[in-house]
Protein chains: 2
Amino acid sequence: MKERVSGALESYLEQIADLQQKHGAVRTSDLAERMGCKRSSVTSALQRLSEKGLINYQSYRPVTLTAEGQKTIQALSRYHRILADFLATVLAFPEEFAQQEACRLEHRVSQCTIERMQVYLDFIGHAGKNSAKDFDFGLFKEFVKSKTDKPA
Amino acid sequence: MKERVSGALESYLEQIADLQQKHGAVRTSDLAERMGCKRSSVTSALQRLSEKGLINYQSYRPVTLTAEGQKTIQALSRYHRILADFLATVLAFPEEFAQQEACRLEHRVSQCTIERMQVYLDFIGHAGKNSAKDFDFGLFKEFVKSKTDKPA
DNA sequence: TAATAATGTTAGACAAATCTAATTTTCGCA
DNA sequence: TGCGAAAATTAGATTTGTCTAACATTATTA
């Protein structure tokens, strides 16, 4: 029932959400620049997004997200946050790289894995401090078992 | 200069390598089953792989990897190993899921991130034992700095 | 306000990856 | 050995995402 939207379209959607927040209106040219593609490709993507009911689109008019589009973005941006956090906190990448890589991965890493990254972050007490003494991977396995059932 | 091959073609290539090891010859039908697609799609993929010089292919004949194809596979299977190891060891996923997810991710996660996962595995002394007492994320950052320069 | 520049869309092409249906080749065995 | 089934390929269509070039619309500004 839930029409899954492709990675490329998801990216368009995110850029739209971001531009909407920052500038109110969303223009084809801005999207083209952000996506690193031609304006005509943007138009084509907008038409497909519109057909899927994720954006409000009429020729030559600024674009806005539908409620459906907003919902899609919310899940995605949570995935993005978790990935970026994991990359920066656990793998010790600089923030900028973490953000870029999260952009690429958020469409590809399974929900299951992303959720587990969040559990890992929780476990190492990322909120409290940036280091975790007495970290034990055996303990983490226990922790995981107690918090989740899938995928095993 | 290095013709980058798509994720889908990479998957075909891997299945070819695996089938070659296990059965000597590689048949279209087996590939179709492994890839979960129709035989005609396999034929089309084989033709593209052949054009890129990664396999030896002639109509109605069994397929083999070229030296070039072997090289591609070697890098890929190293990525696969690291990803699966990371998923199982760090994120505590069961081996089977780790393998499946690694299959999906090996074509998508940047080389940089995969290498960093290996560094992380090295750091927590995965080889020695399955737990690391006194693990400190600050220390890991230092460790990373001492081992690598990119991406910052 | 009318010409020009910028912006946006359409038309038409292409490549990747897939499908179904039809055809061709190979193989097993009677 | 030759026939029928299995395997492989081709032909032709579809979808996604992209491009260039041409055209349409909107905006700027002299």
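Naming convention: chains lettered A, B, ... in sequence-line order (proteins, then strands); numbering from 1 in each chain.
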Looking only at side-chain atoms of [X], point me to the closest of [options].
X     : options               : value
B/R27 : D/dA7, C/dT9, C/dT7   : D/dA7
B/S6  : D/dT9, D/dG17, C/dA16 : C/dA16
B/S41 : C/dT9, C/dT18, C/dT24 : C/dT18

Length of the [atom1]-[atom2] vector between [X] and [N], whole Å:
X     : N      : atom1 : atom2 : answer
A/R48 : D/dT14 : CZ    : P     : 17 Å
B/Q58 : C/dT24 : CD    : C1'   : 17 Å
B/R61 : C/dC27 : CZ    : C1'   : 13 Å
A/L31 : D/dG17 : CG    : P     : 14 Å
A/Y60 : D/dC23 : OH    : C1'   : 8 Å
B/M35 : C/dA17 : CE    : P     : 9 Å
A/K38 : D/dA22 : NZ    : P     : 15 Å
B/D30 : D/dA6  : CG    : P     : 16 Å

(request) Could you tell me whether the side chain of B/H107 reaches within less than 4.5 Å of the side chain of B/L76, counting heavy atoms only? (result) yes
Sub-3.5 Å pairs of nitrogen or oxygen atoms, protein against nucleotides 10-14 of chain C:
residue : atom : partner : partner atom : Å
C/dT10  : OP2  : A/Q47   : NE2          : 2.5

(request) May I have all residue pairs that pass side-chain hydrogen bond (donor to acceptor under 3.5 Å, both in side chains) and include part of residues 59-75 of chain B, sequence neighbours excluded? (result) B/N56-B/T64
(message) Would you say CD of B/Q47 has more than 12 non-hydrogen atoms from neighbouring residues, nucleotides or ligands within 6.0 angstrom?
(response) yes
(message) Ignoring hydrogens, what is the shortest heavy-atom contact between B/L31 and B/Q15? Give both atom names and the distance.
(response) CD2-CB, 3.6 Å
(request) Identify the heavy atoms of B/Y79 and B/E106 that sit nearest to each other, and give their distance. (result) CD1-O, 4.3 Å
(request) List for me each residue that meets ring-ring contact (aromatic ring centres under 6.0 Å, His included) alongside A/F86, sequence neighbours excluded, and say none if there are none. (result) A/Y120
(message) List the residues meeting salt bridge (Lys or Arg N to Asp or Glu O under 4.0 Å) with B/R81, not counting sequence neighbours, and say none if there are none.
(response) none
(message) Once rounded to the nearest 0.5 Å, what's the spacing between atom CG of A/L91 and atom CD of B/E115?
(response) 12.0 Å
Listing, residues 35-44 of chain B side-chain donor-acceptor contacts under 3.5 Å, not counting sequence neighbours, or none:
residue : atom : partner : partner atom : Å
B/T43   : OG1  : B/R39   : O            : 3.3
B/S44   : OG   : B/R48   : NH2          : 3.2

(message) So if I take residues 7-25 of chain A and measure heavy-atom distances to DNA chain C, which residues fall below 4.0 Å?
(response) none
